[in-house]
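First the structure, in the form of structure tokens, and then the observations on it.
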Amino acid sequence: TNPFYFLAWLYGIHPTFIQGMLNDLRFSSLDILSAIEHLKSVGGKTFNKNLLDTDKKMYSGKCEGKWSPKNKIFNKEVLILGTGPGVNEHKIAIEEYIKQKKPFVIGLNTQRSIDEKLINVRAVCSAFRLLTDRKKYKSLKQPLVLPLKRLSKDINNYLSSNTLLDFGIQVIPEKFDFKANYGILPNSLVISYALAIATSGKAKKILLAGFDGYNADDPRRVEMDNLLTLYQQSKSKVPLMSITPTRYKIDSVSIYALYE
């Protein structure tokens with residue numbers, strides 16, 4: 001009755017992997033399919049809960065990085081590109097804005113909706129995503145910002161040909177705090193990580209594109225609204241605004257009003 005469980009049975013993957021991803025708001029259907037493809041190739045008969053239960057185990061305790069985003073971001077506008085349809089729908093306007101206004105652009109994970117030459121760095125903090133999409137990450141030309149000390153040697157070795165910028169992460173529920181080379185975040189969502197990069201870098205303003213938002217009855221909508229509210233209540237917050245249509249509880253302005 002569920003295609004993911006069927007594929008798990010077909011490829012000999014432990015069903016608890018599927019159950020864990022279905023119950024975790026971080027994983028979309030495409031993420032689960034990508035994970036199944038990875039587990040198919042490496043063998044997924046033995047379930048390793050640490051791959052999924054990252055907030056409690058993998059990101060506990062202080063973890064400083066070696067890269068300080070302030071050197072690149074100080075007093076600049078930062079544009080964070082999400083994966084929602086809004087990026088594709090307003091692609092031309094977003095690209096024109098980047099060319100004119102020169103914001104520092106952070107792409108989330110392997111998102112490729114706009115001209116890649118316009119993206120400065122990519123933020124990624126999920127070890128599981130790095131494993132399942134490892135071929136995509138290896139092909140990226142932009143520097144990857146990630147918490148190197150939180151990742152296995154295998155991942156570090158595999159990405160040895162990429163430019164890696166080490167920005168640390170610590171997860172403490174209901175907390176945002178920003179240090180020079182790491183962030184304390186309420187969860188390990190990549191948007192939380194990107195907000196930390198921009199805020200630790202002393203950005204002048206943070207713009208969001210492609211954060212369309214889920215329907216009101218989707219639990220991911222509540223999670224994101226709570227996350228954005230928590231960020232905007234933090235002492236070190238940076239003005240935050242969406243430049244594409246959004247359902248989330250943040251200020252919004254049309255991208256077409258931002259450039260000549």
Side-chain angles (χ1 to χ4, degrees), residues 1-8 15 17-36 52-55 78-94 97 105-114 122-126 128-129 132-133 136 171 173-176 185-196 198 206-234 237-258:
T1 58
N2 184 300
F4 301 125
Y5 282 111
F6 172 75
L7 290 172
F17 272 119
I18 307 302
Q19 181 183 25
M21 287 186 287
L22 288 172
N23 291 332
D24 193 319
L25 300 180
R26 293 172 297 169
F27 300 109
S28 68
S29 294
L30 288 177
D31 293 333
I32 297 174
L33 287 173
S34 180
I36 289 172
L52 299 178
D53 194 16
T54 53
D55 283 3
V78 171
L79 172 58
I80 300 175
L81 296 173
T83 56
V87 176
N88 277 325
E89 292 172 5
H90 304 280
K91 173 180 177 179
I92 295 175
I94 293 171
Y97 178 79
V105 182
I106 301 176
L108 302 187
N109 297 311
T110 59
Q111 193 264 91
R112 289 181 166 177
S113 297
I114 71 165
R122 292 182 179 275
V124 51
C125 58
S126 168
F128 194 72
R129 187 181 291 274
T132 56
D133 283 346
K136 292 181 181 179
V171 171
E174 302 297 317
K175 185 177 178 66
F176 265 116
L185 315 177
N187 54 45
S188 61
L189 292 174
V190 69
I191 176 57
S192 300
Y193 191 57
L195 287 172
I206 299 175
L207 305 176
L208 303 179
F211 291 85
D212 303 49
Y214 304 98
N215 292 328
D217 59 350
D218 191 316
R220 291 172 295 182
R221 167 77 174 275
V222 176
E223 181 183 41
M224 274 296 296
D225 276 333
N226 290 342
L227 168 70
L228 293 170
T229 297
L230 186 65
Y231 174 80
Q232 293 176 102
Q233 291 173 346
S234 65
K237 66 181 179 182
V238 171
L240 185 65
M241 182 177 297
S242 177
I243 60 173
T244 56
T246 182
R247 297 185 178 99
Y248 294 131
K249 296 177 181 178
I250 53 175
D251 291 336
S252 180
V253 63
S254 170
I255 177 64
Y256 301 96
L258 293 179

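For the single chain, residues carry numbers from 1 onward in sequence order. In what follows, every heavy atom counts, from backbone to side chain, and hydrogens, waters and symmetry copies are set aside.
Legend: residues meeting side chain to side chain donor-acceptor pair (under 3.5 Å) with Y248, ordered by chain and number and at least two apart, are absent. Qualifying side chain to side chain donor-acceptor pair (under 3.5 Å) partners for T83, counting only residues two or more places apart in sequence or in other chains: none. For the salt bridge (charged side-chain N to carboxylate O under 4.0 Å, His left out) test, no residue two or more places apart in sequence or in another chain qualifies with D212. Residues forming a ring pair (Phe, Tyr, Trp, His ring centres under 6.0 Å) with F211 (at least two apart in sequence, or on another chain): none. Under the rule for a side chain to side chain donor-acceptor pair (under 3.5 Å), R247 has no partner lying at least two apart in sequence or in another chain. A search for side chain to side chain contact (heavy atoms under 4.5 Å, CB included) contacts involving N109 returns V124, R129, Y137, V190, not counting sequence neighbours. Here V253 pairs with M241, I243, A257, L258 under the side chain to side chain contact (heavy atoms under 4.5 Å, CB included) rule; sequence neighbours left out. Annotation: side chain to side chain contact (heavy atoms under 4.5 Å, CB included) contacts of F6 (sequence neighbours excluded): W9, L10. Residues meeting the side chain to side chain contact (heavy atoms under 4.5 Å, CB included) test with Q232, sequence neighbours left out: L228, L240, I250. For S113, the side chain to side chain donor-acceptor pair (under 3.5 Å) partners two or more places apart in sequence, or in a different chain, are Q111.
Two residues are said to be in side-chain contact when any heavy atoms from C-beta on lie closer than 4.5 Å; Y231 and I206 meet this criterion. Side-chain contact between V238 and V78: absent, with no pair of heavy atoms (C-beta onward) separated by less than 4.5 Å. Counting heavy atoms from C-beta on, the side chains of H90 and P245 come closer than 4.5 Å. Side-chain contact check for P186 versus F176: some heavy-atom pair is nearer than 4.5 Å. Counting heavy atoms from C-beta outward, L7 and L33 have side chains that approach closer than 4.5 Å.
Residues P15 and Y5 come closest through the heavy atom pair O-CE2, 3.6 Å. When all heavy atoms are compared, the tightest approach of L108 to L81 is CG-O, 3.3 Å. Minimum heavy-atom separation, G86 to T244: O-CG2, 3.9 Å. The shortest non-hydrogen separation linking S192 to L227 is OG-CD1, 3.1 Å. The two atoms that bring G210 and V87 nearest to each other are CA-CG2, 3.4 Å, heavy atoms only.
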Mind running side-chain contact (heavy atoms from CB on, under 4.5 Å) on E174 and L230 for me, showing each step along the way?
CA-CA 7 Å; E174 302 297 317; L230 186 65; 4.3 Å; yes

Decide side-chain contact (heavy atoms from CB on, under 4.5 Å) for L207 and I255; before the verdict, give the C-alpha distance in whole Å, the side-chain angles of both, and the deciding distance to 0.1 Å.
CA-CA 10 Å; L207 305 176; I255 177 64; over 6 Å; no

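Expressed to the nearest 0.5 Å, how far CG of L208 lies from CG of L195 amounts to 6.5 Å. The CE atom of M224 sits 5.5 Å away from atom CD1 of I191, with the distance rounded to the nearest 0.5 Å.
With R221 as reference, D225 is the one residue of D225, D218, D217 to meet the salt bridge (Lys or Arg N to Asp or Glu O under 4.0 Å) rule.
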